[in-house]
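Here is the structure we will look at, set down as structure tokens.
The sequence lines fix the lettering, A, B, ..., with proteins before strands; numbering per chain opens at 1.
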2 protein chains.
Amino acid sequence: MQKWTGTTTPEMLRAGCREYGLRITPQRTAVYEEVCRSGTHPTAEELHAGVRRRFANISLDTVNRTLLTFARIGLIEIIEGYGGPRRYDPNRTLHHHLHCLRCGTVVDFYHEEYDTLAVPANLQHKFKVLSKKVILKGTCGRCQSIKKKHHDRK
Amino acid sequence: MQKWTGTTTPEMLRAGCREYGLRITPQRTAVYEEVCRSGTHPTAEELHAGVRRRFANISLDTVNRTLLTFARIGLIEIIEGYGGPRRYDPNRTLHHHLHCLRCGTVVDFYHEEYDTLAVPANLQHKFKVLSKKVILKGTCGRCQSIKKKHHDRK
DNA sequence: GTGATTGCAAACCTTTTGCACGCCA
DNA sequence: TGGCGTGCAAAAGGTTTGCAATCAC
């Protein structure tokens, strides 16, 4: 399992757009570069701020629409969350998530044993599995060091 | 692993409230009964509609606050989602989730092999794991029978 | 050229907050 | 009785939609 290096791959954008008959616009290119560059799981607003540094006039709506489009064609993923703003993940390699229940951060991790989990036999008729992910919920290192117990959500 | 029967257990509400010094109000009782009764993962609004049938004057705000309170004390859980309204889960037994990417439904399933997954050794120092869940993403039976391909989100 | 895409603005939906009243412990 | 919990209303936060102008193909 190779790790995600965060490398921007313009060919992936080209290929994805071509496959679905979408146009390659400067806005889409910029959003794609930005979401790939960030090592985390940014929100639309964070990405908008980042893209704006190089593309002053891009609107938040376009960023939102672009991200949804990318997610629809499988170029990026919307990560699972508990109610805050949507977060996006450019990491298309098989990986798993750590959810910190205190600060809301979601961190990728790799574990080969989890990659090969067999789908339960009794589900195979009823549900067509396209991807799997293990979610570990708990407390991240940073939050463990903050002893003060607070139950904030993100 | 016993399955969740959806049985309302007033003692659990009493115990949870007592432990955290919370009052047992008619509203809390009603919301708790309603969320336990529903076999699915209802939204605050759905629960509000349900509770209202017996408790005409309860406000949506109270339902929202009550659900957050219950989640904070571990009486229920907020399930992972991709951006729609929050959904709540009264099922406190160890189980896993099927996410239908077409219709957005989340269905519980049980699989002992998944219950005993070992936490990766290299994580144990950095992250304190409190719970684990396997998420299978794909297409549910109902959506498979609808051949029309549509990429709606929930 | 022409239809997809964008930016703007408004609408929408859900959650959160402030505050006075009421009720549970 | 005191303070937590509730209802109401307003605000906040984020996403979605409609539309005219623009741009990629």
Pair listing, salt bridge (Lys or Arg N to Asp or Glu O under 4.0 Å) test, anchored in residues 117-136 of chain A, at least two apart: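 Non-adjacent pairs meeting salt bridge (Lys or Arg N to Asp or Glu O under 4.0 Å): zero.
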
Of all pairs that satisfy salt bridge (Lys or Arg N to Asp or Glu O under 4.0 Å), the ones with a partner from residues 47-57 of chain A, not counting sequence neighbours: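 Found E33(A)-R54(A), E34(A)-R54(A).
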
Within this structure, what is the [atom1]-to-[atom2] distance between [X] and [N], rounded to whole angstrom?
| X | N | atom1 | atom2 | result |
| --- | --- | --- | --- | --- |
| H48(B) | dG7(D) | NE2 | C1' | 10 Å |
| L68(B) | dT15(C) | CG | P | 8 Å |
| R87(A) | dG13(D) | CZ | C1' | 14 Å |
| I78(A) | dG14(D) | CD1 | C1' | 14 Å |
| R18(B) | dC4(D) | CZ | P | 18 Å |
| R72(A) | dT15(D) | CZ | P | 16 Å |
| Y88(A) | dG14(D) | OH | P | 12 Å |
| L67(A) | dT16(D) | CG | C1' | 14 Å |

Sub-4.0 Å heavy-atom contacts from residues 51-65 of chain A onto DNA chain C, ordered by number: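 Those residues whose heavy atoms fall under 4.0 Å from DNA chain C, taken from residues 51-65 of chain A in numerical order, are N57(A), I58(A), S59(A), D61(A), T62(A), R65(A).
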
Apart from V106(B) itself, residues in the same hydrophobic cluster as defined by side-chain heavy atoms under 4.5 Å: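 ILVMFWY cluster around V106(B) also holds I79(B).
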
Cluster companions of V129(B) among Ile, Leu, Val, Met, Phe, Trp, Tyr (side-chain spacing under 4.5 Å):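 Hydrophobic cluster check, V129(B): joined to L98(A), V107(A), F109(A), Y114(A), L117(A), V119(A), L123(A), F127(A), V129(A), V134(A), L136(A), L98(B), V107(B), F109(B), Y114(B), L117(B), V119(B), L123(B), F127(B), V134(B), L136(B).
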
Presence of Q27(B) side-chain N/O under 4.0 Å of dG7(D) phosphate oxygens OP1/OP2: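 Yes.
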
Proximal nucleotide (of dT16(D), dG5(D), dT6(C)) relative to the R28(B) side chain: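 The answer is dG5(D).
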
Partners meeting side chain to side chain contact (heavy atoms under 4.5 Å, CB included) with T40(A) (sequence neighbours left out):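 Result, side chain to side chain contact (heavy atoms under 4.5 Å, CB included) vs T40(A): S38(A), P42(A).
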
Residues which pass side chain to side chain contact (heavy atoms under 4.5 Å, CB included) with R18(A), listed by chain and number, not counting sequence neighbours: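 For R18(A) the side chain to side chain contact (heavy atoms under 4.5 Å, CB included) partners, ignoring immediate neighbours, are R14(A).
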
Of all pairs that satisfy side-chain hydrogen bond (donor to acceptor under 3.5 Å, both in side chains), the ones with a partner from residues 56-70 of chain A, not counting sequence neighbours: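 Every pair satisfying side-chain hydrogen bond (donor to acceptor under 3.5 Å, both in side chains) with a residue in residues 56-70 of chain A: S59(A)-T62(A).
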
Inter-end axis angle, the helix from dG1(C)-dC25(D) to dA25(C)-dT1(D), with every axis fitted to five base pairs (rounded, 10 degrees):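 End axes: 50° apart.
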
Donor on one side chain, acceptor on other, E80(B) and H99(A), under 3.5 Å: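 H99(A) and E80(B) do not have a side-chain donor-acceptor pair below 3.5 Å.
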
Side-chain H-bond candidate by donor/acceptor type, H96(B) with D115(B), under 3.5 Å: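 H96(B) vs D115(B): donor-acceptor pair found between side chains.
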
Contacts of H41(A) that satisfy ring pair (Phe, Tyr, Trp, His ring centres under 6.0 Å) - sequence neighbours left out: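 With sequence neighbours excluded, H41(A) shows a ring pair (Phe, Tyr, Trp, His ring centres under 6.0 Å) to H97(A), given in chain and number order.
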
Below 3.5 Å between N/O atoms, which protein atoms pair up with nucleotides 23-25 of chain C? Just atom names and distances, please.
from: dC24(C); atom 1: O2; to: R23(B); atom 2: NH1; distance (Å): 3.3
from: dA25(C); atom 1: OP1; to: I24(B); atom 2: N; distance (Å): 3.2
from: dA25(C); atom 1: OP1; to: I24(B); atom 2: O; distance (Å): 3.4

Sequence-distant partners of E46(A), side-chain hydrogen bond (donor to acceptor under 3.5 Å, both in side chains), two or more places apart: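 Counting only residues at least two positions away or on another chain, E46(A) forms no side-chain hydrogen bond (donor to acceptor under 3.5 Å, both in side chains).
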
